[in-house]
Peer 1: 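One structure, as structure tokens, below. Some questions next.
Throughout, a chain's letter reflects where its sequence line sits, starting with A, and its residues are numbered from 1.
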Amino acid sequence: MSKQKRYWLMKSEPVSYSIEHLKRDVVTPWSGIRNYQSRNFMRDEMRKGDGVLFYHSSCREVGVAGTAEVASTPYPDATQFDRKSDYYDPKATKEHPRWMLVDVRFVKQFKQVIPLTALRRENSLRNLMILRPGNRLSITPVTREEFRTILSLAS
DNA sequence: GCCAACGTTGGC
DNA sequence: GCCAACGTTGGC
């Protein structure tokens with residue numbers, strides 16, 4: 001696998017976890033992902049130091065709120081073993097964990113959220129996965145060029 | 001292995 | 001709150 005730095009967009013609903021939370025926590029396990037494609041990105045493709053766009057979804061100001069970076073190698077999501085958690089998975093065992101995650105470290109909060117509408121206006125972002133109709137993946141790869149373009153839209 | 005029913009996501 | 005898209009579930 002390539003050692004080249006990669007780039008990702010990770011969605012979160014700010015009601016449950018926002019860029020402000022990450023700023024406060026500095027590093028957090030990206031727990032609660034229960035989609036195999038997203039899990040596979042974390043488990044198989046992410047590397048420490050990869051760039052992350054932190055995206056706020058299902059809220060008043062939908063868009064990219066800041067940046068972060070991948071801060072660990074993959075390890076089991078503890079919430080899958082926690083019976084009291086919304087993310088408890090009765091089919092997961094410590095011997096055979098089903099859900100893996102990485103830690104994410106705060107890098108930067110944009111002064112203003114880059115709105116989804118601004119992303120849609122950029123012709124060079126036309127292939128961005130979250131702009132494609134029906135895409136619901138909470139973790140998607142972005143190219144280095146897309147990452148740079150989005151950074152350039154930040155005020 | 002098919003596929004209908006159902007649940008979730010997420011923008012609007 | 002609506003609804004389109006799409007993943008998951010489970011009966012057959």
Peer 1: Would the number of heavy atoms belonging to other residues, nucleotides or ligands and lying under 6.0 Å from CZ of A:R60 be above 12?
Peer 2: no
Peer 1: Does a side-chain N or O from A:Y55 land closer than 4.0 Å to OP1 or OP2 of B:dT9, or not?
Peer 2: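 No, A:Y55 has no side-chain N/O under 4.0 Å of OP1/OP2 on B:dT9.
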Peer 1: Measure from CG on A:L137 to P on B:dG11 and round the result to the nearest Å.
Peer 2: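 Rounding to the nearest Å, CG of A:L137 and P of B:dG11 are 13 Å apart.
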Peer 1: Donor-acceptor pair, distance only, cut-off 3.5 Å: does the side chain of A:D89 make one with the backbone of A:Q80?
Peer 2: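 Not at all, since once roles are kept as given, no pair shorter than 3.5 Å links the two residues.
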Peer 1: Would you mind reporting whether A:I130 and A:L119 have side-chain heavy atoms less than 4.5 Å apart?
Peer 2: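 Touching, per the 4.5 Å side-chain cut-off.
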Peer 1: Quick one, which residues of residues 118-136 of chain A touch DNA chain C with a heavy atom under 4.0 Å?
Peer 2: A:P133, A:G134, A:R136
Peer 1: What is the distance, rounded to the nearest whole Å, between atom CD1 of A:I33 and atom P of B:dT9?
Peer 2: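 My rounded result for the distance is 10 Å.
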Peer 1: Tell me, yes or no, whether the heavy-atom count around A:Y87 atom OH, taken from other residues, nucleotides or ligands under 6.0 Å, exceeds 12.
Peer 2: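 At most 12 heavy atoms, drawn from other residues, nucleotides or ligands, come within 6.0 Å of this atom.
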Peer 1: Using whole Å, report how far CE of A:M10 lies from P of B:dT9.
Peer 2: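 Those two atoms, CE and P, are 16 Å apart.
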Peer 1: When the distance from CG of A:N40 to P of C:dG7 is rounded to whole Å, what number comes out?
Peer 2: 13 Å
Peer 1: Kindly determine whether A:W99 and A:Y75 satisfy ring pair (Phe, Tyr, Trp, His ring centres under 6.0 Å), including the steps that lead there.
Peer 2: CA-CA 8 Å; A:W99 305 107; A:Y75 64 95; over 10 Å; no
Peer 1: May I ask you to check whether over 12 heavy atoms, not counting those of A:R144, lie within 6.0 Å of atom CZ?
Peer 2: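 No, because the 6.0 Å sphere around CZ of A:R144 holds 12 heavy atoms or fewer from other groups.
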Peer 1: Please say whether more than 12 non-hydrogen atoms of neighbouring residues, nucleotides or ligands are located less than 6.0 Å from CD in A:Q112.
Peer 2: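 Count not over threshold, so no.
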Peer 1: How many Å lie between CD on A:E13 and C1' on B:dT9, as a whole number?
Peer 2: 8 Å
Peer 1: To the nearest angstrom, how far is A:L9 atom CG from B:dG10 atom C1'?
Peer 2: 14 Å
Peer 1: Distance check needed: B:dT9 P versus A:L116 CG, whole Å only.
Peer 2: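 It works out to 18 Å between those atoms.
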Peer 1: Are A:V104 and A:L53 connected in the hydrophobic side-chain network, where two residues link if heavy atoms are under 4.5 Å apart?
Peer 2: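 Cluster IDs for A:V104 and A:L53 differ.
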Peer 1: Check this one for me: any side-chain N or O of A:K11 less than 4.0 Å away from OP1 or OP2 of B:dG10?
Peer 2: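 Yes, such a contact exists.
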Peer 1: Can you list, by residue number, the residues of residues 79-100 of chain A that have a non-hydrogen atom closer than 4.0 angstrom to DNA chain C?
Peer 2: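 Heavy-atom contacts with DNA chain C come from no residue of residues 79-100 of chain A; none.
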Peer 1: Determine the interplanar angle of the A:Y17 and A:W30 rings, folded into 0 to 90°, and report it as parallel if under 30°, tilted if 30 to 60°, perpendicular if over 60°.
Peer 2: perpendicular
